[in-house]
Amino acid sequence: MRCEARSIRRRGGRGAFIVLLIVMGLLVMILPFMLPSKGPAPNRDGAPIAAPTPPDAPKPIPLDRMEPAVRAQFEAALAAVERTPDAASYGQVGMLCQAYEFPGIASSYYDRAIALDGTARRWRRFAAMVRREIGDLDGAATLLDGVLADGTPDPHVLLLAADVDRQQKRLDLAEARVDDAIAAMPDDPAAFVVRGQVLLDADRLDGAIDAFRRATELEDRYGRAHYMLGQALRKAGRADDARTHLERAEALGSSAPASTDPYVVEIETLRTGAIEFLHEAIDRLKAGDVDDAIELLERSRTINPGLAETYSQLATAWLLKGDVDAAWTNVEAALGIDPDFVDALYHRGLIAYRRADLGVARAAFVRVAALRPDHFDAQLALGTVCEAMMRTEEAVDAYEAAAALRREDERPVRRAVRTLITAGRDRAALAMAKEGLERFPQSVVLTERAAWLLATSTDETVRDVSASLTMAEDACRRTGFVQPQCLRTLAASQAANGRYDDAMATIARALDAIGPAGDAATVEAMRAERAAYRDGRARPAS
């Protein structure tokens, strides 16, 4: 009997062991389905796919997909997080993400800010905005309920909460909240649009039409208000009235009144505030208010330190104030953000020229001309720099390019003629002067330059002393016989025609006109010419 009992116990033990093995096998099979997935999930904002992040680690920001100016703005904010990882620094990054339409990433940064400072209504308010945007209505509602319970209800928060309630089909609560918001903001068209949507969802068509109509009365250029009114009228069977508002909505597009919600304004300012200050500063610069312009530009830089144009305009302003070093610092900052920013390159050339760094100036203007061949000022400046470097062909090419861009401006032609005369290329200079006079027949400078060549050139194919005298007298007559260079050319023409006494009197008059402040080299050359005329020589000018 005892043996039989032992046999039964042994069989029972083996059976229990088999059952245990079966249970363990089943657990192995189903356990992976019971545990949270560790695989990668796509980011709602289109950011690189990444594994789920822990609650205290915000989502990655796709910096490589951003424009340089925007990326610089983000990098500055992220550097602040590294230095001081508090609620304010995380929240600021969240605001940037929200401003540049990365709501999912913004939400993760706001979550971190809230975790660091749960008492700050500010970050819960911003977090609620992006939670609604990404479709997390429960999360938005929880945050908004907490904000509203903290103190006196903000009408803008009430309005946002009402819209969330509406989407969650809590229509009675939504209506109560939107009515409270309208009581505090009776002239806010956006509040009436939300009220109309609540009533439309509640099938209270007449009330919805009245609300939408009130929104269009408060702001006729509110495209969405006209669209919603048109839809409500169509639902009410009023096709003609509906068509009027729907056509108006189509014409207006997405136009809407400026938000009065300070939180929305703060987000919009991150994107547009710097630009507005920049544009206002440019207007101040044009009006000559340099100090005001600098103040506005500094404010623009504070909001968005990644705008190359802000630094470029600062360079302009400091140049106007005569501070070349400050101008250089800002233009280099602009090019650090965008190496091909044309205005900054142009200003780099101007500053380098003022510093007598002709090689740097030339390189800057060459780059501008390559990026923007239609940049008249850069072509003109390139010609001036190359002329100073004795790069005659390059200078003339630049002047000709400038002349082709702006045919009504004679400066490029005049400077090209001057360059050719300095290089001793009289025939080319005279041809260009005559061509210029066909375009600018009243040009005193081109008339005087042509007369000078005709009187002083050693090239017999150029020299024509009779024509020179006629042109020089014409130039002097039109300038009242007081312009030193015109008088100098007339003296040379008179001497070339054998009228040495007249030439001496005229060159003396020219020296009197140029005065003690005149260029020393020019005065010395004129005195040498006077001595030649005294000796009865009409030698060509060197």
Side-chain angles (χ1 to χ4, degrees), residues 387-388 390 392 395-396 399 410-542:
E387 183 181 353
M390 303 299 291
T392 302
V396 172
Y399 287 140
E410 72 172 89
R411 286 178 298 165
V413 181
R414 286 172 10 199
R415 295 184 187 184
V417 171
R418 180 183 65 197
T419 302
L420 290 167
I421 290 174
T422 303
R425 296 176 53 185
D426 293 354
R427 191 180 305 177
L430 182 62
M432 186 165 287
K434 287 182 174 179
E435 181 183 340
L437 284 168
E438 291 178 3
R439 288 168 56 185
F440 309 104
Q442 299 304 312
S443 172
V444 171
V445 173
L446 291 176
T447 301
E448 179 273 319
R449 290 289 83 191
W452 178 264
L453 287 163
L454 293 168
T456 65
S457 179
T458 57
D459 187 339
E460 292 300 325
T461 64
V462 172
R463 195 173 174 86
D464 185 342
V465 297
S466 177
S468 170
L469 187 59
T470 301
M471 296 181 79
E473 287 175 342
D474 180 46
C476 286
R477 189 179 303 109
R478 282 192 276 156
T479 54
F481 288 89
V482 296
Q483 208 282 330
Q485 185 58 43
C486 288
L487 288 168
R488 181 187 182 190
T489 298
L490 177 58
S493 298
Q494 290 168 334
N497 281 275
R499 294 167 50 182
Y500 297 111
D501 290 341
D502 291 341
M504 285 182 60
T506 303
I507 198 69
R509 192 171 181 177
L511 284 165
D512 288 342
I514 203 169
D519 176 67
T522 302
V523 170
E524 183 180 352
M526 290 169 68
R527 286 173 177 164
E529 289 160 13
R530 181 177 58 183
Y533 305 152
R534 185 188 306 115
D535 295 340
R537 292 182 290 110
R539 64 181 179 85
S542 58

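Note: hydrogens, waters and symmetry copies are ignored here, and every other heavy atom, side chains too, is used.
Summarising the geometry of S443 relative to L437, their closest heavy-atom pair is O-CD2, 3.9 Å, with the distance given to 0.1 Å. Pairing each heavy atom of G436 with each of V413, the nearest pair is CA-CG1, 3.9 Å. Shortest non-hydrogen contact noted between Y533 and Y500 is O-CB, 3.6 Å.
Atom CH2 of residue W452 and atom CD of residue Q485 lie 6.0 Å apart, to the nearest 0.5 angstrom. To the nearest 0.5 Å, atom OG1 of residue T419 and atom CE of residue M390 are 9.0 Å apart. Residue E529 holds its CD atom at 11.0 Å from CZ of R537, rounded to the nearest 0.5 Å. Between R477 atom CZ and L490 atom CG the span is 9.5 Å, to the nearest 0.5 Å. Considering CG of D464 and CG of L453, their distance stands at 12.0 Å, rounded to 0.5 Å. Taken to the nearest 0.5 Å, the CZ atom of R488 stands 8.0 Å off from the CD1 atom of I514.
In this structure, the side chains of R425 and V396 stay at 4.5 Å or more apart for every pair of heavy atoms. The shortest distance between side-chain heavy atoms of V445 and F440 does not fall below 4.5 Å.
Remark: R414 pairs with E410 by the salt bridge (charged side-chain N to carboxylate O under 4.0 Å, His left out) rule, at least two apart or across chains. V465 meets the side chain to side chain contact (heavy atoms under 4.5 Å, CB included) test with R463, A496, N497; sequence neighbours excluded. Legend: residues meeting side chain to side chain contact (heavy atoms under 4.5 Å, CB included) with R527, ordered by chain and number and at least two apart, are L511, V523, R530. Residues passing the salt bridge (charged side-chain N to carboxylate O under 4.0 Å, His left out) test with D519, sequence neighbours excluded: none. R418 meets the side chain to side chain donor-acceptor pair (under 3.5 Å) test with E387; sequence neighbours excluded. Contacts of D512 classified as salt bridge (charged side-chain N to carboxylate O under 4.0 Å, His left out), with partners at least two apart in sequence or in another chain: none. Applying the side chain to side chain contact (heavy atoms under 4.5 Å, CB included) test to R499 and every residue at least two apart in sequence or in another chain returns L469, E473, Q494, D502. Contacts of R534 classified as side chain to side chain donor-acceptor pair (under 3.5 Å), with partners at least two apart in sequence or in another chain: none. Legend: residues meeting salt bridge (charged side-chain N to carboxylate O under 4.0 Å, His left out) with D501, ordered by chain and number and at least two apart, are absent. Here A451 pairs with S468, M471, A472, T489 under the side chain to side chain contact (heavy atoms under 4.5 Å, CB included) rule; sequence neighbours left out. Evaluation of the side chain to side chain donor-acceptor pair (under 3.5 Å) rule for D426 yields S457 as partners, not counting sequence neighbours.
Looking only at distances, no side-chain donor or acceptor of Y399 sits under 3.5 Å from a matching main-chain atom of R415.
Screening residues 445-461 for salt bridge (charged side-chain N to carboxylate O under 4.0 Å, His left out), with sequence neighbours left out, gives R427-D459.
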In sequence, state the C-alpha distance, the side-chain angles, and the governing distance for V444 and Q483, and then conclude on side-chain contact (heavy atoms from CB on, under 4.5 Å).
-> CA-CA 10 Å; V444 171; Q483 208 282 330; over 6 Å; no
Please report the C-alpha distance between T447 and R478 in whole Å, then the side-chain angles of each, then the deciding distance to 0.1 Å, and finally whether the side chain to side chain donor-acceptor pair (under 3.5 Å) criterion is met.
-> CA-CA 11 Å; T447 301; R478 282 192 276 156; 3.2 Å; yes
